[in-house]
Amino acid sequence: MAFIEARDLVKTYSPKGSPEVRALDGLNLEVQQGSVTALLGPNGAGKTTTVKALTTLIKPDSGSAFIDGVDVVAQPQAIRRMIGASGQYAAVDQNLTGFENLVMVGRLYHLGAKVARQRAKELIELFDLVEAQNRTVKGYSGGMRRRIDLAGALVIRPPVLFLDEPTTGLDPRSRIGLWEVIEQLVNDGTTVLLTTQYLEEADRLADSISVIDNGRVIAKGTADELKASVGGLRVAVTVVDEVQIDAARAILNRFGSGESAVLNGRTLVVPVSDGPAALAAIVSAAATEGIGLHDAGMRRPTLDDVFLQLTGHAAETDEAEKETAA
Amino acid sequence: MTTTLKPIPGNAVTRFVSDGAVTTWRNMMKIIRVPEILLFSLIQPIMFVLLFTYVFGAAVVIPGSDYTSFLMAGIFAQTVVFGSTYSGSAMAQDLKDGIIDRFRTLPMSGAAVLVGRTTGDLVINTLSMLVMMGTGLIVGWRVKSSPLEFLAGVAILLLFAYAFSWVMAFLGMSVKSPEVINNASFLILFPLTFISNAFVPSENLPTPLRIFAEWNPVSALVQSARELFGNVPPGTIVGDAWPAQNPIATVLIGVAVLLIVFVPLSIRKFATISR
Ligand SMILES: Nc1ncnc2c1ncn2[C@@H]1O[C@H](COP(=O)(O)OP(=O)(O)O)[C@@H](O)[C@H]1O
Ligand SMILES: [Mg+2]
């Protein structure tokens, strides 16, 4: 059995006045000990629900989950002693200082008072919050709250770490800082399951990626395996004027080896069989038809393409798109 | 490979006490950091004592008693009942802020969170009682019973309020936002405390309201406190309803029922909620 294993998890929500939602629809997941697995999927895919089920916050309607052989549903308290969790939105006490928040978490893990304080101090330093440590969290920026929350997940140096969109809302510097922290933890043997909407993040951090959509894992493998599975080169173009997008699509479809797709508002991508020739043909056809291009190029498949191919829609929000491009 | 930090030795009881202490500490820190909460819950009863004494005191005639002596038990009851609603809004706020999600991923006792929460109300209610009693004494209220009866009167008020805190904690975990609790408790508790014998003798009320008042548990609470403080005006006509005839028994039964129902219900609820 894998270190973290979920079998056929189903979770439905029946909000009043709206149809039932199958947040998890038979989700299967395996995470090897000491590895980082990324759950990659768009908003509403079921990432948070998966993390909540594995961290004992919700009970699945059916299916089973085990961490290191311990049954998550039957023995939640045993699971809580071995995990650290940081949810999608920071869960910190506004009226306590950053330092007090971490000491409180340590005390609730039943660490001794001295150890709890010592560990809080270490984490404050690790997350670059020394100056703010004695101010109440109420006055913290979003990114600072996020970091206190992440630090809370690391208090006992848990063997298993769950991070739900850990870098959403962090500035680029903090994001890279957090990546380094996660890499260090993994070097030290921690098993990490993280969720992300950022393909770049999954690519950088994860040993294994599970692509999730509509409550199911629709593909899994390493970043390279996933890219290889969609094969071939791509031509991507960005039009200057959004109204010309349909005309541009027609050109891409004409010279591509498959169906073109819209990556975001103005960027289109199409698989091609003969890269350089197709690129040249597309650029010259666009010039002939008077379609202005900001950008046109050939590239190897990215996880964006994986997502497009698997789901027929783009994975990322516009904001996330910019991050990846940067 | 770094080693996971190990908990200090302990059993279910020491863990419960320690978790309760930590969450109570958290609640006390909130009172220190947001002193307005305590300030308002202390100023409001002072204001009520003064307003009722001087505004209605002249107009409401209680045969055989001054209005203040009659009034105090009513103000005490109303204040502690409203004091208990804080558990409701605080649980709702913690749920919204995600603190409860954090707690629920930790190997701690959920019951300890609820005990800490309801005990927080008890502390604030005790302080409010002290302040109100001081104000009452200044404006002429006198206890006319034995010290033991007086203490029993204080205890029954606080006990009822404590049991009611569990009801509110449960409701706080069942609503979508803290505002719902604040608005709903105002809409429900205001009439409940006013259509009672708290501020005017219930025998003076129109018949439908009088019947309601006689069955109203708040009336039983007020009547219990009034009896135990020796503040029942001579010649008071007590209604025929069983609760009106047996106020102390009514309150004690009520407390037992509320605790038996809402303690397990709240603990079970806590174990399933998430933001
Ligand atoms: N408490 C809830 N009540 C109703 N629907 C919910 C609830 N939580 C999640 N959902 C729905 O379940 C689906 C999966 O949500 P979630 O796991 O939060 O997705 P993700 O984290 O990938 O964005 C979404 O359609 C979401 O609207
Ligand atoms: Mg989510």
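Just so you know, these numbers use all the heavy atoms, side chains as well, and skip hydrogens, waters and symmetry mates. Throughout, a chain's letter reflects where its sequence line sits, starting with A, and its residues are numbered from 1.
- Considering CD1 of B/Ile8 and NZ of A/Lys114, their distance stands at 13.0 Å, rounded to 0.5 Å.
- Side-chain contact between A/Lys138 and B/Arg33 is absent, with no heavy atoms from C-beta onward closer than 4.5 Å.
- Considering only heavy-atom pairs separated by less than 4.5 Å from chain B, the leading option among A/Pro76, A/Ser86, A/Gly87, A/Ala90 is A/Ala90.
- What you find for B/Gly98 and A/Ala91 is that their closest heavy atoms are O-CB, 3.1 Å.
- Other residues, nucleotides and ligands contribute more than 12 heavy atoms inside 6.0 Å of the CD atom of A/Glu20.
- Both the backbone and the side chain of A/Thr97 come within less than 4.5 Å of a heavy atom of chain B.
- Looking at heavy atoms from C-beta onward, A/Asn95 lies out of side-chain contact with B/Met29 at the 4.5 angstrom threshold.
- No other option in A/Gly106, A/Ala116, A/Gly152, A/Ala78 has as many heavy-atom pairs under 4.5 Å with chain B as A/Gly152.
- Shown here for B/Ser18 and A/His110, the closest heavy-atom pair between the two residues is OG-CD2, 4.2 Å.
- Residue contact with chain B, scored on non-hydrogen atoms closer than 4.5 Å, is absent for A/Val103.
- For the options A/Leu111, A/Leu57, A/Thr55, A/Ile58, heavy-atom pairs under 4.5 Å to chain B are most numerous at A/Leu57.
- The side-chain heavy atoms of A/Glu100 and B/Trp25, taken from C-beta on, include a pair separated by under 4.5 Å.
- Ranked by heavy-atom pairs shorter than 4.5 Å toward chain B, the options A/Val92, A/Ile79, A/Ile83, A/Val115 are led by A/Val92.
- Each of B/Thr23, B/Leu106, B/Val22 was scored for a side-chain contact (heavy atoms from CB on, under 4.5 Å) with A/Arg107, with one residue passing: B/Val22.
- The closest side-chain donor-acceptor pair between B/Ser274 and A/Lys52 falls under 3.5 angstrom.
- For the atom pair A/Ile156 CD1 and B/Lys6 NZ, the distance stands at 7.5 Å (nearest 0.5 Å).
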*side chain to side chain contact (heavy atoms under 4.5 Å, CB included) assessment of A/Tyr109 paired with B/Leu5*: CA-CA 9 Å; A/Tyr109 271 113; B/Leu5 298 177; over 6 Å; no
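- Interatomic distance, A/Met104 CE to B/Ile99 CD1, rounded to the nearest 0.5 Å: 5.5 Å.
- Separating the CD atom in A/Gln94 from the CD atom in B/Gln93 is a distance of 8.0 Å, to the nearest 0.5 Å.
- Distance check: A/Tyr89 OH to B/Asp97 CG gives 14.0 Å after rounding to the nearest 0.5 Å.
- Other residues, nucleotides and ligands contribute only 12 or fewer heavy atoms inside 6.0 Å of the CZ atom of B/Phe186.
- For CZ of A/Arg117, the number of neighbouring non-hydrogen atoms (other residues, nucleotides, ligands) closer than 6.0 Å is 12 at most.
- Put simply, the side chain of B/Arg102 reaches to within 4.5 Å of the side chain of A/Asp149, judged on heavy atoms.
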*Applying side chain to side chain contact (heavy atoms under 4.5 Å, CB included), run through B/Arg26 and A/Asp93 and close with a yes or a no.*
CA-CA 9 Å; B/Arg26 170 177 114 82; A/Asp93 190 325; 2.4 Å; yes
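- Here the CD atom belonging to A/Gln88 is positioned 11.5 Å from the CG atom belonging to B/Asp101, to the nearest 0.5 angstrom.
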